[in-house]
Amino acid sequence: MRKIAIIGVTGSIGRQAVEVIEKYPDRFSLTMISAHRDVITLIEIANRYKVPTVCLTGDAEIRAEEFSYPCKLYTGEDALVHAAMDGDYDIFLNAVVGISALRPTLVAMQKGARIALSNKEMLVSAGDYVISRAKKYHSEIIPVDSEHSAIFQCLSSGRSCDVDKLIITSSGGAFRDVPLSELNDLSPQRALAHPNWNMGRKITIDCATMVNKGFEVIEAHHLFDVSYEDIETVIHRESIVHSMVRFKDGAVIAQLSEPDMRLPIQYAFTYPERIASPVKPLRVPFDLSFREVDFERYPAFRLLLEAGRKGGLYPAAMLAADSILVPAYFERKIKYSDISDVLEKVFLKYDLSGSYDLADVLRINDDVEKYTEMVVQKL
Ligand code: NDP
Ligand code: MG
């Protein structure tokens, strides 16, 4: 029986992870969960599975009487760090959005748990630091992000020293077919209609701008220790090939499946074993298409690649700015094209190269968020 902690259980990934666990009560047990604001769903999941450790990170009210069984409840500042320290789990799924779960995840690493990593912000903002800690603690990180799960699976076909290129696929997002002349001012509602995947709101906008793909390239660089020159991105409309690895001999290994996050979630739980999943089998025949990324359509993607290459805290700054810009776009405070324009402003404003520690990451995150808010107000 594998004991599983899911932080961010109320989110899109968290709920799908609960579905995976529910299907195999003889294999998995849910031993720790967290939410930020959604108290109702948190209590519902806790009561349904009698989860021993429950954590609420936001400041909503929660009362012990609401639980139908005796559970250990953690609330307030640092609740997640304490819960991660005290909780009993073999696998720690980080499905929280943002960088707030960085410290609890480091705690879980130190405890020797497998990290099932869905959260991408942690590697984007502090990849060097996180990977150095993972190495120090001999921590096992199994990626959940579909592209990285695919690469992880493809890599098992050869030795890492024989890898030539990682090829990351992108659907191109909701605006991939919109004429360039109309890109300036598209509504968030249109961006939310993602052609292939059903995901959270923020990540769906990040797919439209391909900021998400930029984050994923940075994630891949850290996770697989591959240089940016050896990571390619291609537009693949069908979202059937989730990514590929080309080896030195020219062989390209790809992972294909219906686009459904329950597969990479389950794989991170069962690896190296594979068991039946709720994902629809891929029906043949099917069409596959691949084309180059048009940087004119995705200026933010180019910036993210540059931020990755520059390293240091550049990716952290892009992430912080984007976390302000996407909600501002939802609230119609800014136009679609302002997202990439402001990201560029942030990129040019700071000198962020060089090494850093965790305190620097948090500081630059705060600074950039404030600066971006100010820029948004002036637009
Ligand atoms: P959601 O927004 O759907 O869920 C986020 C979860 O994090 C919720 O449980 C939320 O709690 C919790 N949360 C929000 N803010 C905080 C905070 N400050 N501190 C602690 N917990 C917080 O996100 P997704 O599930 O879509 O994504 C989760 C992560 O996985 C992200 O990093 C995303 O980029 C990545 N990812 C997502 C994919 C997808 O298909 N959705 C695919 C690949 C990667 P509450 O509900 O109570 O507010
Ligand atoms: Mg992805």
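Under the 4.5 Å side-chain contact rule for hydrophobic residues, Val18 and Val97 do not share a cluster. When hydrophobic clusters are built by joining Ile, Leu, Val, Met, Phe, Trp and Tyr residues whose side-chain heavy atoms come closer than 4.5 Å, directly or via intermediates, Leu166 is grouped together with Ile141. No chain of hydrophobic side-chain contacts below 4.5 Å, direct or via other Ile, Leu, Val, Met, Phe, Trp or Tyr residues, connects Val107 to Leu117. Tyr228 and Phe295 end up in the same hydrophobic cluster when Ile, Leu, Val, Met, Phe, Trp and Tyr side chains are linked at under 4.5 Å.
Looking at His36, Glu77, Arg37 one by one, the single match for side-chain hydrogen bond (donor to acceptor under 3.5 Å, both in side chains) with Thr57 turns out to be His36.
Heavy atoms from other residues, nucleotides or ligands lying under 6.0 Å from CG of Asp249 number more than 12. By the 6.0 Å contact criterion, CD on Glu182 is enclosed, its count of non-hydrogen atoms from other residues, nucleotides or ligands being greater than 12.
The distance from atom CD1 of Ile115 to atom CE of Met122, rounded to the nearest 0.5 Å, is 7.0 Å. Here Leu263 contributes atom CG and Ser149 contributes atom OG; the two are 6.5 Å apart, rounded to the nearest 0.5 Å.
Proximity of a side-chain donor or acceptor of Lys213 to a complementary backbone N or O of Thr169 within less than 3.5 Å is detected. Proximity of a side-chain donor or acceptor of Tyr314 to a complementary backbone N or O of Leu304 within less than 3.5 Å is not detected. Side-chain atoms of Tyr371 never come within 3.5 Å of backbone atoms of Asp366 as a donor-acceptor pair (strictly under, hydrogens ignored). At least one donor-acceptor pair under 3.5 Å links the side chain of Ser337 to the backbone N or O of Asn184. Listed for the Lys370 side chain is no donor-acceptor partner under 3.5 Å among the backbone atoms of Asp367. In this structure, the side chain of Asp128 does not engage the main chain of Gly312 through any donor-acceptor pair within 3.5 Å.
Between Asp338 and Lys333 there is no salt bridge, since no side-chain nitrogen of the basic residue lies less than 4.0 Å from a carboxylate oxygen of the acidic one. Salt-bridge formation is not detected for the pair Lys120/Glu147: no Lys NZ or Arg NE/NH1/NH2 atom is positioned less than 4.0 Å from an Asp or Glu carboxylate oxygen. With respect to the salt-bridge test (charged N to carboxylate O, under 4.0 angstrom), the residues Glu44 and Arg48 qualify. For Asp341 and Lys335, the salt-bridge test fails: no basic side-chain N is under 4.0 Å from an acidic carboxylate O. With salt bridges taken as basic N to acidic carboxylate O contacts below 4.0 Å, one links Lys3 and Asp88. Ion pairing between a basic and an acidic side chain is recognised when a charged N comes within 4.0 Å of a carboxylate O; Arg15 and Asp38 show such pairing. Note on Asp287 versus Arg237: no salt bridge recorded, every NZ/NE/NH1/NH2 to OD/OE distance being 4.0 Å or above.
Here the closest non-hydrogen pair linking Ala84 and Phe92 is CB-CE1, 4.2 Å.
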With side chain to side chain donor-acceptor pair (under 3.5 Å) as the test, would you mind laying out the steps for His242 and Ser257 before giving the verdict?
CA-CA 8 Å; His242 299 303; Ser257 63; 3.0 Å; yes
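Annotation: side chain of Asp260 is not in contact with side chain of Lys280 (no heavy-atom distance under 4.5 Å). Looking at Asp206 and Val326, their side chains come closer than 4.5 Å, going by heavy atoms from C-beta outward.
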